[in-house]
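Residue numbers start from 1 in every chain, and the chains themselves are labelled A, B, ... in the order their sequence lines are given, proteins ahead of strands. Just so it is clear, the structure is predicted and the values come from calculations on it, not from any experiment.
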Amino acid sequence: MQVPVYLDPERLDPEVRKPVQIENTRDPQHGDLATNVAMMHAKSMGMPPRALAELILDNLPASAEIEATEIAGPGFINIRLAKAATFAPIAACLAAGAAFGTHPATGESMQVEFVSANPTGPLHVGHGRGAAYGATLVNLLKARGHTVQSEYYVNDAGRQMNILAISVFLRYLEIVGESIRFPSGGYQGDYITELGQTLHHQHADALRVGFADLTAGVVEDGEETKDAHIDGLIERAQKLLGGGFEFPFQLALNHILADIKDDLGEFGATFDQWFSERSLVTSGEIDQALAQLESKGHLYQQNGALWFRSTAFGDDKDRVVRRDNGETTYFASDIAYIANKFNRGFDRVVYVWGADHHGYIVRVKAAAEALGFDPERLIIRLVQFAILYRDGERVQMSTRSGSFVTLRELRDDVGKDACRYFYVMRKADQHLDFDLSLATSQTKDNPVYYIQYAHARICRVIETLEGSDFDQARGLAHLDALTSQDEVDLATAVGRFPEIVAKAADTLEAHTLCYYLQDLAADFHRWYNGTRLLVEDLNVRDARLSLALAVRQTIANGLSILGVSAPEAM
RNA sequence: GUCCCGGUAGCUCAGUUGGAUAGAGCGACCGCCUCCUAAGCGGUAGGUCACAGGUUCAAUUCCUGUUCGGGACACCA
């Protein structure tokens, strides 16, 4: 809302500068704008708030934009705007169309990295929330006027990938006739067996080694030793197969990553870049980053390992970057990745992580600071897990048994729209009860259908006018025909959309958009239910239709940011 | 033990960065279709904003403490 210059807080009292507020009221009875100037300055002026308010009002010049002012409560000054200003958002919305709610370019360049799940299996419902939230953030930040790049960090180096490869390889051995004992630390699931079959199709018996040979010298599998056992198997396989271990490795990586891409694509989460962790190894960037920290004195040797002194930056303990066996840790990759991101020129980078990564925040920020980057530019958002409910019963998930619910299964079940909406409807860092029954229900209780239905209803009205003499210009010229409180509320709600987008983007709180859209849809349904749009008086009719069109545009734009469709008929 | 996130209507949650009489949906109860989609709308009931201090003209909001939940704290990835 444009604040008239004579209400400029800066001019009120040059001696006392307190953060005076002039804001949109939440209660229409308080007018359109309200200010607390009088209360803020009552003390310094040595007079009661209400008396000061009176003095201020007596000295205000008249304005065409302001219809009335009043003093209320403890000393608020309420301002009622002229009617034309109330309905101005209708024209603004219709003129801007799909761009309504977007903001001018800020010149700021941002990156949002999200999902980044290890490519060791299909995405499950936990990843889905990160995907929905991240994708929505990207849309919000773009609408805010920032330049945004979306990225998926592919963990294609490290132990987990080797465990995946050995798992596939063992299933392959099984297929070619070896009698094996599958390690307890290996990856379960039908997809592993399928990859083993593919490996067999590609290489026939060429990769076959004896299971006894593979386990020679490897410690027995057991509760305590399952890690050592599987690491031993990997080491043996690499030795026996030579470069051949790359076959199950690459096959699994490529296949699973393709599946993830496909899955996310159907979910409307697209990435500008898939960034390979391996590339940090091969390009020498990990060594470079460590050398940089070394030169600044942030590293030291102890017990054969190389440590980063993260405690110097607020961490509660130092962290290993190179283990005593010479391998760099996952954290070392992270450090190099931070440098890589900032060197690409982003002003701010956003990480969307699962809440289980909470413990990494301090060390990653520490690394950024140690590398010489302002840690404020590195923003981490945690996403809590979603708990699925069906008919009031919690849906059990277990990754161990391989019986987890995949994102794909969830999408097949409740559909993309409900998935996207439900995932982001709550604050990201809080637990989400995902009610599957509600998500699939086609009633007003389901917020997705409720909002979409408002859109469809408006489309239906427009459709019945097909070929008639609806004239938007006439409607906009007669907005004074809108007289009811419902119409004032609705137009005001439309006018709030740009600031809702801005705020959601600035705070990275996507859920506020969901609440806004529900409120907007409710305002519409109330109005629609009590007001006939297609009336005889063409001025009134076209004014109402213009309002309806503005509502439709706003809903469509909001849903678009959420990645939810805006159907024309339901 | 340390660190995060929470505690708001019976349930699930909002609460515009400290404002006026704390909101919505569900659930409960009572109503509304000869009319552009009833996949909708209206009304009623329901609250010591976990507790105690502090800052302020003003605290659900900020600070401290207490308490109760949930989670995180590897030479793992």
Q) Which whole-number value in Å describes the distance from A:Asn529 CG to B:G31 C1'? A) 13 Å
Q.
Taking atom CD as the centre, does A:Gln518 end up with more than 12 heavy-atom neighbours from other residues, nucleotides or ligands that are less than 6.0 angstrom away?
A. yes
Q) Reckon A:Asp227 touches a base, only the sugar-phosphate, or nothing at all at heavy-atom distances under 4.0 Å? A) nothing
Q.
Quick check: on RNA chain B, is the nucleotide nearest A:Ala521 upstream (toward 5') of the one nearest A:Leu533, or the reverse? Name the residue that is more 5'.
A. A:Leu533
Q. When rounded to the nearest Å, what value does the distance between P atoms of B:U61 and B:U16 take?
A. 12 Å
Q.
Heavy atoms only, 4.0 Å cut-off, all strands: where does A:Ser333 land among base, sugar-phosphate and nothing?
A. nothing
Q: Take atom CG of A:Asp445 and atom P of B:G27, then tell me their distance rounded to the nearest Å.
A: 5 Å
Q: Can you figure out which of B:G71, B:C41, B:A77 approaches the side chain of A:His525 most closely?
A: B:C41
Q: Determine if the base of B:U8 is syn or anti; take syn to mean the glycosidic torsion is within 90° of 0.
A: anti
Q) Between A:Phe275 and A:Tyr337, is the gap from one ring center to the other below 6.0 Å? A) yes
Q) Under 4.0 Å: is that the gap between some side-chain N or O of A:Arg457 and OP1 or OP2 of B:A38? A) yes
Q) B:G31 pairs with which nucleotide, Watson-Crick or G-U wobble, both distances below 3.5 Å? A) B:C41
Q: For B:G27 versus B:U67, give the span between their C1' atoms, rounded off to a whole number of Å.
A: 30 Å
**Q.** Pairing partner of B:U56 (Watson-Crick or G-U wobble, both distances under 3.5 Å)
**A.** none
(Q) Using a 4.0 Å heavy-atom cut-off, does A:Arg532 contact any base of the nucleic acid, only the sugar-phosphate backbone, or nothing at all? (A) base
Q) Looking only at atom P, what distance separates B:C73 and B:C57, rounded to whole Å? A) 45 Å
Q | Separation of B:C36 C1' from A:Tyr528 OH (nearest whole Å) | A | 4 Å
Q: Report the base-pairing partner of B:A24 (Watson-Crick or G-U wobble, both distances below 3.5 angstrom), or none.
A: B:U12
Q.
What is the distance, to the nearest angstrom, from the CZ atom on A:Arg496 to the C1' atom on B:U16?
A. 7 Å
Q: Please state the C1' separation for the pair B:A9 and B:G15 - nearest whole angstrom.
A: 14 Å
Q. Within less than 4.0 Å of OP1 or OP2 of B:C3, is there a side-chain N or O belonging to A:His357?
A. no
(Q) Between A:Tyr450 and B:A24, is there a contact of a side-chain N or O with OP1 or OP2 at under 4.0 Å? (A) no
Q) Syn or anti for B:C33, with syn set at within 90° of 0? A) syn
Q.
If the cut-off is 4.0 Å, is A:Lys317 near the phosphate of B:C75, judged by side-chain N/O to OP1 or OP2?
A. yes
Q: Could you tell me if the ring centre of A:Phe434 sits under 6.0 Å from that of A:Tyr423?
A: yes
Q.
Nearest to the side chain of A:Asp433, heavy atoms from C-beta on, is which of B:U12, B:C75, B:C36?
A. B:U12
Q) Looking at A:His357 versus A:Tyr351, is the centre-to-centre ring distance below 6.0 Å? A) no
**Q.** Pairwise C1' distance for B:G19 and B:G71, with rounding to whole Å
**A.** 35 Å
Q: For the side chain of A:Arg426, starting at C-beta, report the closest nucleotide among B:U12, B:A77, B:A39.
A: B:U12
(Q) Under 3.5 Å for both donor-acceptor distances, Watson-Crick or wobble: does B:C51 have a partner, and if so which one? (A) B:G65
Q: Report the distance from atom CZ of A:Arg381 to atom C1' of B:A72, rounded to the nearest whole Å.
A: 18 Å
(Q) Regarding A:Ala456, tell me which of base, sugar-phosphate or nothing describes its non-hydrogen contacts under 4.0 Å with the strands shown. (A) base
Q.
Can you see if the side chain of A:Gln430 gets near the phosphate of B:A14 - specifically, an N or O under 4.0 Å from OP1 or OP2?
A. yes
Q. Would you say A:Arg526 reaches B:G42's phosphate, i.e. side-chain N/O to OP1/OP2 under 4.0 Å?
A. yes
Q.
Check this for me: does any side-chain nitrogen of one of A:Asp429 and A:Arg381 sit under 4.0 Å from a carboxylate oxygen of the other?
A. no
Q. Side-chain donor-acceptor pair under 3.5 Å between A:Gln442 and A:Asn446, yes or no?
A. no
Q) When we call it a touch if two heavy atoms are under 4.0 Å apart, what does A:Tyr449 touch: a base, just sugar-phosphate, or nothing? A) base
Q | Interatomic distance at P, B:C75 relative to B:G70, whole Å | A | 27 Å
Q: Using a 4.0 Å heavy-atom cut-off across all strands, classify A:Thr507 as base, sugar-phosphate, or nothing.
A: base
Q: Mind checking A:Asn155 for me? I need base, sugar-phosphate or nothing, with any heavy atom below 4.0 Å counting as a touch.
A: nothing
Q) Is any side-chain N or O of A:Lys427 closer than 4.0 Å to OP1 or OP2 of B:G15? A) yes
Q) Just wondering, more than 12 heavy atoms not from A:Gln302 lying within 6.0 Å of its CD? A) yes
Q: Tell which nucleotide pairs with B:U17, taking only Watson-Crick or G-U wobble pairs whose two distances are both under 3.5 angstrom.
A: none
Q: For A:Phe308 and B:C75, give me the distance from atom CZ to atom P, rounded to whole Å.
A: 16 Å
Q) Taking atom types as modelled and ignoring hydrogens, do the side chains of A:His525 and A:Arg457 form a donor-acceptor contact shorter than 3.5 angstrom? A) yes
Q. Got a donor-acceptor contact below 3.5 angstrom from the A:Asp471 side chain to the A:Arg474 backbone?
A. yes
**Q.** Whole-angstrom distance between B:G65 and B:G46, as gauged at atom C1'
**A.** 32 Å
(Q) Here's a test of your reading of the structure: between A:Asp324 and A:Glu509, which maps to the more 5' nucleotide of RNA chain B? (A) A:Glu509
(Q) By the 4.0 Å heavy-atom rule, please label A:Glu568 as base, sugar-phosphate, or nothing. (A) nothing
Q) Does any nucleotide pair with B:C73 by Watson-Crick or G-U wobble geometry, both distances under 3.5 Å, and what is it? A) B:G1
**Q.** Distance below 4.0 Å between A:Arg363 side-chain N/O and B:C3 OP1 or OP2
**A.** no
Q) Base, sugar-phosphate, or nothing for A:Asp429, non-hydrogen atoms under 4.0 angstrom? A) sugar-phosphate
Q: Pick the P atom in B:A38 and in B:A52, then give their distance to the nearest Å.
A: 50 Å
Q: Rounded to the nearest angstrom, tell me the gap between atom CG in A:Leu306 and atom P in B:C75.
A: 14 Å
Q: Would you mind reading off the distance between A:Trp527 atom CH2 and B:C32 atom P, rounded to a whole angstrom?
A: 25 Å
